[in-house]
Amino acid sequence: MRWSNLFIPTLRDAPGDAEAASHKLLVRGGFIRQLMSGHYSLLPLGLKVHEKVADIVREEINAIGGQEFLLPAMHPRSIWEASGRWDAIGDEMFRLQDRKGADVALGMTHEEIFATVATEVNSYKQLPQIWYQIQWKFRDEARPKSGLLRVREFAMKDSYSFDVDEAGLDANYVKHHDAYVRIFERLGLDAVPVQASSGAMGGSGSSEFMVRSDAGEDDVAMCSCGYAANVERATSALPAVDDDTPPPAPVKFATPGIRTIAGLADIEGGAPANRQIKTMVYVVDEQLTLFLVRGDHQLNEQKVIDSAGTANLRPATPAETLKHLGANPGSLGAVGVSDDIAIYADTALSGRTNLHTGANEDDWHWTGVDIARDVNVAHWTDLRDVNAGEACVECGQPLEIVRCIEAGHIFKLGTKYAEALGATVLDQNGKTQTIVMGSYGIGIGRNMAAIAETHNDESGLVWPMSVAPYEAVITAVKANDEPSMAAAENLYTELLAAKIDVIFDDRNERPGVKFKDAELIGIPYRVTIGPKSLESGEVEFTTRATGDTISVAIGDVANQVINAVEAAR
RNA sequence: CGGGCUGUGGCGCAGCUUGGUUAGCGCGUCGGUCUGGGGGACCGAAGGUCGGAGGUUCAAAUCCUCUCAGCCCGACCA
């Protein structure tokens, strides 16, 4: 294409409200424009990159046997009611009514719809299947942010696997895992698979593919040994705490005005935070429930949700704690609490004794509490935040907490959706089996932003060849110099014939403008043709990533470009 | 949803505290001249209901009220 004919509105200044590098550069480079919060127009350059990302994803999913579909973006209420998600989801689903007043939803994911299609699979002989689409999702995010990184309307590759049993699911999960590794490698993203919470999707396991970036929204605990887990799932090894010998029974301890862990640590007869029990009170499915962690630990709410098996929970109000436990926050504890209040305790409290905790009476605490003896723990589980520097559970080395962008997420769903929608097959024994599903997602635009976020410098974007809007640019330095324009035209024709995705900057602009624009939009290779060097039969060949420029004979430059592009594809 | 901030030509901003000429600057855009290897110079020009509504006032970009929108932090995130 000739630059002079294209719409590439580059800007010298980024929009004042953009913070993330990818946001600034995608706007400045003329890739995207915002329509409203969380909704962006893809301009021609942006669409080009978007499609290249999508094509890589498509190729790799096709390579593991995926079959492409295209499902509706608008869904009837009934199908979401069948899975229970019409009510479970809440404000994040866009809902509207048609002219008859019927409720419809804009699809935020397609488990239900694909499961419905899968009701036409009737025999184990037709399995396994991998079905996918690249389609628009709508999510009414509470806070869209950072350009394309978090939006309300976006293209997603969502694939779904269908198997007769768990072993089949495991195989398809691995296939997707491996395909994702190849996809991110081709996108130039250093994405690390990490253990993740399945959240409200349900199912037995999930991994996220995480790209290190300060612009991300997730924290991941990582170890040099390869252990990596979202902090919603991560654990760590803790050194033992010396508890001494406890008294035969807890001892009540007057603590007037003491309302905090730190306060209890400071007073005469108190105890350091790691020898206290912190009692957090939630209302889970309308039931008051206690969650206990060590005094110096933080409760992780996703772990609370995962332990409780529901997202229908909230912290109890002070009035509720007073009513059910008899005290206000600051004096709460689990000692002697009746059986009808469920108690979850963090595993770091297991085996501990001689602890301090609230006595459910304002201004009083217990000391000498032995958790096994004195607290009626119903569920031992992992509830606490992992902190940087704590020991890796695999190898003992200190963990690092790394901010990441979630580039992909794969789930083992199990039978939840197939069962809800009635997707079953007959097995080899003629017995009805519910199809076992997996679900696998990659946001196309978010990956585009993640690449931009991790591939830029002071001059602009530095796209990997695989997704660059153009593979090479021919910059004619002087638009009214006939010999150099003729040489540029010849090279342009030659590169097009060789199937190089090349753009010819034929604009009547000063060279500085052209160089800046080419660098801003991040084209990997540039050939500069101007009267000066052409006098001696040479042109310049510049590599965007390194800035290196070499002189090449005009007759050799086409091959130089072709070889460089093909090597980097 | 809680906290903080911002809305003035396409983009970036000043003006607002203390109301008062024709609302200004840089970039970009259009015409022209000179230029031509890193966002060039000069001359001329177009383009703005100052987010919206209401109010105070002789007079509102500026003060007051309401409202809409956007950004950032947090909560949330299938």
Side-chain angles (χ1 to χ4, degrees), chain A residues 7 9-20 23-24 27-30 33-39 80 83-86 88-93 105 107-112 137-147 149-152 154 156 158 160 196-203 206 208 215-218 230 232 301-302 305 311 313-315 406 409-411 413 416-417 439-441 443 446 459-460 475-481 484-485 505 507-520 526 528-535 538-540 542 547 549 551:
Chain A
F7 181 62
T10 59
L11 298 174
R12 194 182 287 231
D13 299 306
D17 53 19
E19 298 270 328
H23 184 192
K24 291 182 186 172
V27 174
R28 281 192 58 208
R33 287 293 185 265
Q34 183 179 47
L35 178 64
M36 59 176 169
S37 180
H39 299 260
W80 285 88
S83 67
R85 291 162 112 188
W86 180 264
I89 283 177
D91 289 341
E92 207 172 326
M93 184 187 277
M108 52 198 310
T109 178
H110 282 72
E111 281 77 14
E112 284 84 351
K137 306 297 184 204
F138 298 86
R139 296 183 184 176
D140 192 356
E141 294 286 351
R143 185 151 94 80
K145 57 174 288 200
S146 306
L149 277 174
R150 185 166 204 79
V151 292
R152 304 203 303 173
F154 58 99
M156 183 182 207
D158 48 323
Y160 304 84
S197 163
S198 302
M201 284 284 278
S206 80
E208 292 166 328
E217 303 179 86
D218 286 272
N230 192 305
E232 296 171 354
E301 195 151 309
Q302 187 63 47
I305 290 169
L313 51 78
R314 59 175 172 81
E406 181 190 339
H409 200 162
I410 59 179
F411 295 90
L413 289 178
K416 173 176 172 178
Y417 299 97
S439 153
Y440 316 88
R446 179 183 285 183
S459 301
T475 302
V477 168
K478 198 173 172 184
N480 58 6
D481 180 64
S484 49
M485 287 306 276
D505 192 350
R507 294 176 295 169
N508 185 16
E509 289 286 351
R510 295 177 61 88
V513 173
K514 298 186 175 193
F515 296 150
K516 291 285 185 194
D517 274 346
E519 283 157 8
L520 175 60
R526 184 178 89 216
T528 310
I529 301 181
K532 273 188 189 169
S533 56
L534 202 58
E535 263 177 37
E538 291 190 323
V539 298
E540 283 89 51
T542 303
T549 296
S551 284

query = Which nucleotide in the set C72(B), G70(B), A78(B) lies at the smallest distance from any side-chain heavy atom of Met36(A)?
reply = G70(B)
query = In whole Å, what is the span from the CZ atom of Arg314(A) to the C1' atom of C1(B)?
reply = 15 Å
Spacing between Phe7(A) atom CZ and G28(B) atom P, to the nearest angstrom = 17 Å
query = Taking only N and O in the side chain of Gln34(A), is any of them less than 4.0 Å away from OP1 or OP2 of C71(B)?
reply = yes
inquiry  = Measuring to OP1 and OP2 of C73(B), would you say a side-chain N or O of Arg143(A) lies under 4.0 angstrom away?
reply    = yes
inquiry  = Say we look at G20(B) and C64(B): how far apart would their P atoms be, to the nearest angstrom?
reply    = 15 Å
Separation between the C1' atoms of A69(B) and G52(B), rounded to whole Å = 10 Å
message = I'd like to know if Glu519(A) reaches the base of G38(B) with its side chain such that a donor and an acceptor end up less than 3.5 angstrom apart.
response = yes
query = Roughly, in whole Å, what's the span from CG in Asp17(A) to C1' in G12(B)?
reply = 12 Å
query = For the base of G39(B), is there a side-chain donor-acceptor partner from Arg510(A) under 3.5 Å away?
reply = no
ask   = Roughly how far, to the nearest 0.5 Å, is the OG1 atom of Thr475(A) from the CD atom of Glu540(A)?
value = 10.5 Å
key: Heavy-atom check, side chain of His39(A) versus side chain of Gln34(A), under 4.5 Å   = no
note = Scanning all shown strands, the Watson-Crick or wobble mate of G20(B) with both distances under 3.5 Å is C58(B)
Whole-Å gap separating P (G37(B)) and CZ (Phe515(A)) = 9 Å
message = Taking U6(B) as the reference, what is the distance to G28(B) when you measure between their C1' atoms (whole Å, please)?
response = 23 Å
ask   = C71(B) phosphate, OP1 or OP2: any side-chain N/O from Ser37(A) under 4.0 angstrom?
value = yes
query = Given C73(B), is OP1 or OP2 found less than 4.0 Å from the side-chain N or O atoms of Lys145(A)?
reply = yes
message = Given C11(B), G39(B), A78(B), identify the nucleotide with an atom nearest to the side chain of Leu520(A).
response = G39(B)
request  = Taking the side chain as every heavy atom from C-beta outward, state whether Arg139(A) and Met156(A) have any pair of such atoms under 4.5 Å apart.
outcome  = yes
Between C50(B) and G24(B) - P atom distance, rounded Å = 14 Å
task = Would you mind telling me which of A78(B), G40(B), G36(B) lies closest to the side-chain atoms of Asn508(A)?
result = G36(B)
note = Shortest non-hydrogen pair, Arg33(A) vs Pro9(A), comes out as NH2-O, 2.8 Å
ask   = How about Lys145(A) and Glu19(A): do any of their side-chain heavy atoms sit closer than 4.5 Å?
value = no
task = Measure the shortest side-chain to side-chain distance between Val477(A) and Thr528(A) over non-hydrogen atoms and say whether it is less than 4.5 angstrom.
result = yes
task = Go through G39(B), G36(B), G12(B) for me and flag the one nearest to the Asp13(A) side chain.
result = G12(B)
request  = Remember a base hit wins even if backbone is also touched, and classify Ala88(A) as base, sugar-phosphate or nothing at under 4.0 Å, heavy atoms.
outcome  = base
key: Length of the CZ-P vector between Arg507(A) and U35(B), whole Å   = 23 Å
ask   = Quick one: the side chain of Asp517(A) and the base of G39(B), do they pair up donor-acceptor inside 3.5 Å?
value = yes
Whole-Å gap separating C1' (C76(B)) and CD1 (Ile89(A)) = 14 Å
note = Between CG of Asp140(A) and C1' of A78(B) the distance, given in whole Å, is 14 Å
ask   = Any side-chain heavy atom of Arg507(A) within less than 4.5 Å of one from Asp517(A)?
value = yes
request  = Record whether the side chain of Thr475(A) comes under 3.5 Å of the base of G37(B) through a donor-acceptor pair of N or O atoms.
outcome  = no
query = Checking all strands, does Gly16(A) fall into the base, sugar-phosphate, or nothing category for heavy-atom contacts under 4.0 angstrom?
reply = sugar-phosphate
For atom CD of Gln302(A) and atom P of G74(B), their distance in whole Å = 17 Å
key: Leu11(A), nearest nucleotide to its side chain (from G36(B), G37(B), C11(B))   = C11(B)
query = With both distances under 3.5 Å as the test, what is the Watson-Crick or G-U wobble partner of C1(B)?
reply = G74(B)
key: For A45(B), the Watson-Crick or wobble counterpart (both distances under 3.5 Å)   = U29(B)
inquiry  = Base, sugar-phosphate or nothing for Glu509(A)? Non-hydrogen atoms, less than 4.0 Å.
reply    = base
inquiry  = I'd like the P distance from C43(B) over to G7(B), given in whole Å.
reply    = 32 Å
ask   = On a whole-Å scale, what distance lies between the P atoms belonging to C76(B) and U18(B)?
value = 42 Å
task = Determine the interatomic distance between P on U8(B) and the same-named atom on G4(B); round to the nearest Å.
result = 22 Å
query = Taking atom C1' in both C25(B) and G15(B), what distance in whole Å separates the two?
reply = 11 Å
task = Just call it for Pro15(A): base, sugar-phosphate, or nothing, with non-hydrogen atoms closer than 4.0 Å on any strand.
result = sugar-phosphate
task = Using a heavy-atom cut-off of under 4.0 Å over every strand shown, decide if Asp91(A) touches base, sugar-phosphate, or nothing.
result = nothing
task = Give a yes or no on whether a salt bridge exists between Glu519(A) and Arg526(A), defined as a side-chain N under 4.0 angstrom from a carboxylate O.
result = yes
